[in-house]
Protein chains: 2
Amino acid sequence: MKTMSTMLKANDLAVTAQRTAVMEFLHGNTDHPSVDTIYKRVKKRFPYISRATVYNTVKTLTRAGMLQEVLVQQDKTRVDSNVSRHHHFKCVRCGRIEDVPYDILTAKHVSEHARGYHVEEVRVVMEGRCKRCR
Amino acid sequence: MKTMSTMLKANDLAVTAQRTAVMEFLHGNTDHPSVDTIYKRVKKRFPYISRATVYNTVKTLTRAGMLQEVLVQQDKTRVDSNVSRHHHFKCVRCGRIEDVPYDILTAKHVSEHARGYHVEEVRVVMEGRCKRCR
DNA sequence: ATATGGATTAGAATAGTTCTAAACTTAGAA
DNA sequence: TTCTAAGTTTAGAACTATTCTAATCCATAT
Ligand SMILES: [Mn+2]
Ligand SMILES: [Mn+2]
Ligand SMILES: [Zn+2]
Ligand SMILES: [Zn+2]
């Protein structure tokens, strides 16, 4: 298992306390938190961190392939530490966003059914009630 | 074929010059224009219209089922005069948004492949190059 | 014609995000 | 070790999309 600093170095990125703190908060987090949520949580342990740093860090780590940004209907950007290809389920009641396996709708399925389009990416957002909200 | 004023009246909405102008611009338009695009275009013929009116009109007509609002990754709200169920294709080059038939991914398909989720809505955005951009 | 409730308007306010430029690390060279 | 240069952080300003406000206007019913 790679450490935070190993991953940063592999991408020619300086290892800073702020980046490490953001990554540690995100590590294993499946909640798809917003930038503001990350900012507030990291600020507890790191009171002088700036919101701009969280935005910068998310952008930098996304470009490096260490994070993903997820956007769903009428919501702010959510940060996803799961960088594998997958879709999302949004609970219409509590707003929770969950991962859904990619093979529910693959590019292959689309190619078979959508002749005429040259599809490079497919993004699916499903909506309904999550387990907790039913 | 219903006229603009017939549709407005059927929803207990006053027939105003602004609403008529917005609807006429949107009628048959398959471009998914933004509110600002609608505003600028309608303003040419109706110089005193306010941006707030376009926002109000879009919201009102959406609630009445006469329009749909579409949001795709990192983009502003687009207005869709096609209120049938369908998905979207976004050209990564020119930004153009096209309609894609709903049956590429129906709720049925999802239900079969996504056991455990109670899906009420499915939204698919595909990305690639449109005909013009290839 | 008149009244009244809804519609329109300009601009202020808000939310999310990006930009700016000065101050401060980090990492590598000397 | 120092030193340096490039990259990073920071607070706040700026920006963009959208909603709110409250005064004015006007569409419709009487
Ligand atoms: Mn995810
Ligand atoms: Mn459409
Ligand atoms: Zn829920
Ligand atoms: Zn195109």
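In what follows, chains carry the letters A, B, and so on, assigned in the order in which the sequence lines appear, proteins first and then strands, with residues in each chain numbered from 1.
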Measuring only between side-chain heavy atoms, which start at C-beta, is A:His88 closer than 4.5 Å to A:Glu98?
no
In whole angstrom, give the distance that lies between atom [atom1] of [X] and atom [atom2] of [N].
X: B:Asn11; N: D:dA27; atom1: CG; atom2: C1'; value: 16 Å
X: B:Lys40; N: D:dA17; atom1: NZ; atom2: P; value: 9 Å
X: B:Asn56; N: D:dC25; atom1: CG; atom2: P; value: 18 Å
X: A:Tyr39; N: D:dT10; atom1: OH; atom2: C1'; value: 10 Å
X: B:Lys9; N: D:dA29; atom1: NZ; atom2: P; value: 8 Å
X: A:Lys59; N: C:dG16; atom1: NZ; atom2: C1'; value: 13 Å
X: B:Leu13; N: C:dG6; atom1: CG; atom2: C1'; value: 10 Å
X: A:Lys43; N: D:dA11; atom1: NZ; atom2: P; value: 7 Å

Would you mind classifying the nucleic acid contact of [X] as base, sugar-phosphate or nothing, using non-hydrogen atoms under 4.0 angstrom?
X: B:Thr60; answer: nothing
X: A:Thr16; answer: sugar-phosphate
X: B:Thr77; answer: sugar-phosphate
X: A:Ala52; answer: base

The side chain of [X] lies closest to which of these nucleotides: [options]?
X: B:Phe46; options: D:dT9, C:dA27, C:dT9; answer: C:dT9
X: B:Lys76; options: D:dT28, C:dA10, D:dT18; answer: D:dT18
X: A:Thr57; options: D:dA11, C:dT17, D:dT9; answer: D:dT9
X: A:Gln18; options: D:dT10, C:dA27, C:dT9; answer: D:dT10
X: A:Arg19; options: C:dT9, D:dT8, C:dT18; answer: D:dT8

Which heavy atom of A:Thr60 sits nearest to which heavy atom of A:Leu13, and what is that distance?
CG2-CD2, 3.6 Å
Taking all heavy atoms of A:Tyr39 and all of A:Ile49, pick out the closest pair and write down the distance.
CE1-O, 3.4 Å
Passing option when A:His87 is tested against A:Asp103, A:Val125, A:Val100 for side chain to side chain contact (heavy atoms under 4.5 Å, CB included):
A:Val100
Between C:dT18 and A:Tyr55, is there an OP1 or OP2 to side-chain N/O distance shorter than 4.0 Å?
no
Flag for A:His118-B:Arg134: side-chain donor and acceptor within less than 3.5 Å
yes
Please figure out whether B:Val35 or A:Ile49 has its closest DNA chain D nucleotide nearer the 5' end.
A:Ile49
